[in-house]
There are 2 protein chains.
Amino acid sequence: MGIREPLGELGCGLSHALEVMGERWSFLILRAAFNGLYHFEEFSEELGIARNILSNRLGKLVENGVLERTPCETDRRKVEYRLTEKGLGLLPAMLALRQWGETYSDTCNRDLVLVDCRDGQPVKQIGVRAHDDRELGWHELGWQMPDKIGTPVDRHSHAYTKEDA
Amino acid sequence: MGIREPLGELGCGLSHALEVMGERWSFLILRAAFNGLYHFEEFSEELGIARNILSNRLGKLVENGVLERTPCETDRRKVEYRLTEKGLGLLPAMLALRQWGETYSDTCNRDLVLVDCRDGQPVKQIGVRAHDDRELGWHELGWQMPDKIGTPVDRHSHAYTKEDA
DNA sequence: CAAATATGGTTGCGAATCGAAACTTAACGT
DNA sequence: ACGTTAAGTTTCGATTCGCAACCATATTTG
């Protein structure tokens, strides 16, 4: 029956990431946190999310170490949700998603550009880089076992199968 | 009532990306597609996802231009789902998520490393880069209006508010 | 050709999750 | 003391999910 298998059994880090961030609203809450929102009511108002869901998601993000929950010193009704280091580590993933969305949506808002605040120049499109900084496409990539690193991979010689994972 | 507001009203490209990829399983289907799976039964077996949900997700991914659905030439019972250019464009986002998951999960599988298949060297950690390739953290970034690009941004001089968006 | 099998779904139904609004609890502010 | 604000919790109906069974078509087998 409808019991949700944790998804974490699917092996790779992606599954873990999705367990933490894969629910509706999680990424938008994160975006709001990146944009400097701290309080429950701020998230609620900004996102228009139902309060019970917001409560649940914030709890889960805290539980998973993405946000830190601290009662406010000056006003003890308030609670502050702040990004942890782990949460900040999601910036590349979030930005990559955003850039992808911007590239392929014709309706989304492009009024603000993410820039290097030192010089005001836009950041680069996020991509996959080799150790020597070359940009790599999917066809230039392959999976290798940790003990065989450094051995070139004959990509596309075989399709992916369970045995590979 | 539980009617799902499209989320797309939240402005930026992230909302659009989440509308396309934000549902449970979507990213794992994509990962499977990147790993060379083409057919309904392959996805079904690999992921253990319910068939109706798989059908629905594949349909949505096709509808959104991430996958292309083509009946197989040689066996017309079969259907091939292949990544489009738009779908391939999700590689950085997916990899960033995976890397994040690997960094912060202690249980996930690290038996395979993504490498540059030319030389077998692992790819770099995905990050945000300035136009001159410096790596940037969140505190070095700011939002700028398109017509003011090139003007340094005084980050953190003000918190994010609705007016900024 | 008929029957069996493979592939890619669709349908029905119960369980889990989501969403909106009302309610609760505790802390300020005056 | 009284109203207000902040952060949730509860309630309840709507939606979605997961499982199993069923269906439609194409291919293989006898």
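Letters go in sequence order (proteins before strands), and every chain restarts at 1.
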>> Without decimals, in angstroms, what is the distance between B:N56 CG and D:dC19 P?
In response: 15 Å
> What integer distance in Å separates A:E42:CD from D:dG8:P?
Replying inline: 13 Å
> So, is B:Y81 near the phosphate of C:dT7, with a side-chain N or O under 4.0 Å from OP1 or OP2?
Replying inline: no
> Quick one: does B:R77 reach the base of D:dT25 with a side-chain donor-acceptor pair under 3.5 Å?
Replying inline: no
>> Can you measure A:K78 atom NZ to C:dG29 atom C1' for me and round it to whole angstrom units?
In response: 13 Å
> Expressed in angstrom and rounded to an integer, what is the separation of A:L54 atom CG from D:dT10 atom C1'?
Replying inline: 16 Å
> Quick one: the side chain of A:N52 and the base of C:dG19, do they pair up donor-acceptor inside 3.5 Å?
Replying inline: yes
>> So, does B:W25 get its side chain near the phosphate of D:dC17, meaning an N or O under 4.0 Å from OP1 or OP2?
In response: no
>> Testing the basics here: between B:T151 and B:Q144, what is the closest heavy-atom pair and its distance to 0.1 Å?
In response: O-NE2, 3.1 Å
>> Of the options D:dA6, D:dG8, C:dC28, whose atoms approach the side-chain atoms of A:D75 most closely?
In response: C:dC28
>> Please report the distance, rounded to the nearest Å, between OH in B:Y38 and P in C:dA6.
In response: 23 Å
> Between A:F40 (CZ) and C:dT25 (C1'), how many Å, whole number?
Replying inline: 14 Å
>> Check A:K78 with A:E73, please: is the shortest side-chain N to carboxylate O separation under 4.0 Å?
In response: no
> Any side-chain N or O of B:R69 under 4.0 Å from OP1/OP2 of C:dG9?
Replying inline: yes
> Nearest to the side chain of A:I53 - C:dG9, C:dC18, D:dG18?
Replying inline: C:dC18
> Does the base of C:dG8 carry an N or O that pairs as donor and acceptor with the side chain of B:R51 under 3.5 Å?
Replying inline: yes
> Between B:H39 and C:dT7, does any side-chain N or O lie under 4.0 Å from OP1 or OP2?
Replying inline: no
> Rounded to whole angstrom units, what separation is found between the CD atom of A:E19 and the P atom of C:dT17?
Replying inline: 13 Å
> Nearest-Å distance, CD (B:E45) to P (C:dG9)?
Replying inline: 17 Å
> Can you name the one residue among B:L37, B:L28, B:I29, B:N35 that meets side-chain contact (heavy atoms from CB on, under 4.5 Å) with B:E46?
Replying inline: B:L37
> OP1 or OP2 of D:dG18 sitting under 4.0 Å from any side-chain N/O of B:R24?
Replying inline: yes
> Given side chains that start at C-beta, do those of B:D133 and A:R129 come closer than 4.5 Å, heavy atoms only?
Replying inline: yes
> Within less than 4.0 Å of OP1 or OP2 of D:dA7, is there a side-chain N or O belonging to A:R76?
Replying inline: no
>> Tell me whether the count of non-hydrogen atoms from other residues, nucleotides or ligands lying under 6.0 Å of CZ in A:R110 goes above 12.
In response: yes
